[in-house]
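This report refers to the structure that appears directly beneath it.
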2 protein chains.
Amino acid sequence: MSSGSDQQDIKREKILEAAYQRFLHYGYSKTTMNEIAGDLSLSKALLYYYFPDKSQLYTAVMRKLAGEYLDKLQNKLNKFTDLKEAFVSQINTQHDFIVKNYNFFDFFRLNEQNLPDTIWEIITEIHQAEMVLLSAAIQLEAEKGRIKPVNNPGEIVDLLLYALHGVRVSAVSHKKVMFPQKEHLDEIHAKRLLLVDIFVKGLMY
Amino acid sequence: MSSGSDQQDIKREKILEAAYQRFLHYGYSKTTMNEIAGDLSLSKALLYYYFPDKSQLYTAVMRKLAGEYLDKLQNKLNKFTDLKEAFVSQINTQHDFIVKNYNFFDFFRLNEQNLPDTIWEIITEIHQAEMVLLSAAIQLEAEKGRIKPVNNPGEIVDLLLYALHGVRVSAVSHKKVMFPQKEHLDEIHAKRLLLVDIFVKGLMY
DNA sequence: TTTTGATAATTTTGTTAAAATAGTCAGTTT
DNA sequence: AAACTGACTATTTTAACAAAATTATCAAAA
């Protein structure tokens, strides 16, 4: 990382920030490279000096957000006292993250099926980081004897994360896909808390 | 239902069957009304005598399938001995149903976002029927004192069904949407069994 | 009442041209 | 040399249109 000069890193950050604001307000497809350059009073060509193309600029922003998200998650998980608390932290942190950056993910809602591979890589990275953190939490809880011994914590975490992912808004607007509507986020959040509650009890003796 | 003559009903059934075969092999968009008519050596116009339009023909087939699915589910759920068994029945029956009719749902995979309302109505009907059956199972189990008393069984069933719905194939092919790939169905099925196992335990004392 | 051939209406597909935007590069500035 | 730009090219998106395929209708026949 950061093989360039400090000056370069600072400019890179500025571009990232300007791009983030644009993507957050207008989404990927309604943001042009010209506009981002204009916001910074730079030429478009300079953007290409710092980033190979538009999608990799978007990806870089996404990567930054992911880093911030994981940092926050890690901080919270450093001081959990029981497993449920750990899972709840995950849900809450993710909820806040989604709410805050909702419009940024327009890109996801539109492309749905065929997101670029780089995006999937980041999603996978996040998923794996969560796996590590939460698996450790399970392990610890098992060692303390508060839940049944688990031979494969990763499998359990994986299952829970996917189950949580599936918790979408109920019958009325059954028409759900991978990305929920903004109005439903709180309802989803509540359901997830309930699921975690039941799930954790299911892991106990 | 069936306000027409027996003859009419028989013909209707034949059309439904021919349409089902076509949809199963080629999916909705690659099936033309001419082809269905051709399979039965009828004129296309006759299809419109029996069904108002193509999408309602598809819907009628779907409705029939849904009926068969729910019948099977109801039969199994009539003789469950504990709650886990009931949930497992649901998973198994649904799994068989999806495997058998996989190609029929091409329509779903393609349209994804904007399925016609009639389709959503059927999905909602199925969901509600499942809710009734499984809620009753929970109620019964609670009365027998095998799980904690539940003030709102529907909420629990709803949660489980959505959680199960979210159980998709893991990290590698993270690229999943509402409809899983055929090769992954068995893996998903196994995960769902595990989830039900934990979930049911979580409902116990 | 059931069925059809002929025909109308609509949707899909393919073509093209224009506009918008992404992306490149020779050359200038610091 | 590193940071930067204006002018350029390449690619993608959009709109307009015609042709083809398909859905849907209907008057008349069986």
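In what follows, chains are A, B, ... by sequence order, proteins preceding strands, each numbered from 1. Only heavy atoms go into these numbers, but all of them, side chains included; no hydrogens, no water, no symmetry mates.
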Open item on the list: Name the residue from A/Asn101, A/Leu24, A/Leu16 that meets the side chain to side chain contact (heavy atoms under 4.5 Å, CB included) definition with A/Val61.
Closed with: A/Leu16
How close or far is atom [atom2] of [N] from atom [atom1] of [X], stated in whole angstroms?
X	N	atom1	atom2	value
B/Ile36	C/dT4	CD1	P	15 Å
A/Met33	D/dT11	CE	P	17 Å
B/Lys30	C/dT13	NZ	C1'	11 Å
A/Tyr26	C/dT21	OH	C1'	18 Å
A/Leu46	C/dT30	CG	P	14 Å
A/Leu47	C/dC25	CG	C1'	16 Å
A/Gln7	C/dT29	CD	P	21 Å
A/Tyr58	C/dG23	OH	C1'	20 Å

Is there a side-chain polar atom (N or O) of [X] under 4.0 Å from OP1 or OP2 of [N]?
X	N	answer
B/Tyr48	C/dT4	no
B/Tyr49	C/dT2	yes
A/Gln8	D/dA3	yes
B/Lys11	C/dT3	yes

Open item on the list: With a 4.5 Å cut-off on side-chain heavy atoms, are A/Lys11 and A/Leu46 touching?
Closed with: yes
Open item on the list: Just so I know, are the side chains of A/Leu140 and A/Glu143 near enough to count as touching, which here means a heavy-atom distance under 4.5 Å?
Closed with: yes
Name the closest nucleotide to the [X] side chain, picking from [options].
X	options	answer
A/Asp53	C/dT3, D/dT5, C/dG23	C/dG23
B/Ala45	D/dG6, D/dT23, D/dT25	D/dT25
B/Leu42	D/dT5, D/dT23, C/dT4	C/dT4

TODO: Looking at every strand, decide which applies to B/Tyr50 at a 4.0 Å heavy-atom threshold: base, sugar-phosphate, or nothing.
DONE: sugar-phosphate
- [ ] Look at all strands and tell whether B/Thr31 reaches a base, only sugar-phosphate, or nothing, counting heavy atoms closer than 4.0 Å.
- [x] sugar-phosphate
TODO: Let me see the working for A/Phe108 and A/Tyr28 under ring pair (Phe, Tyr, Trp, His ring centres under 6.0 Å), right down to the final yes or no.
DONE: CA-CA 9 Å; A/Phe108 288 53; A/Tyr28 183 80; over 10 Å; no
- [ ] Test for a donor-acceptor pair under 3.5 Å between the base of C/dT4 and the side chain of B/Lys44, counting only N and O atoms.
- [x] no
Open item on the list: Whether A/Arg146 and A/Asp82 form a salt bridge (side-chain N of Lys/Arg under 4.0 Å from carboxylate O of Asp/Glu) is what I want to check.
Closed with: no
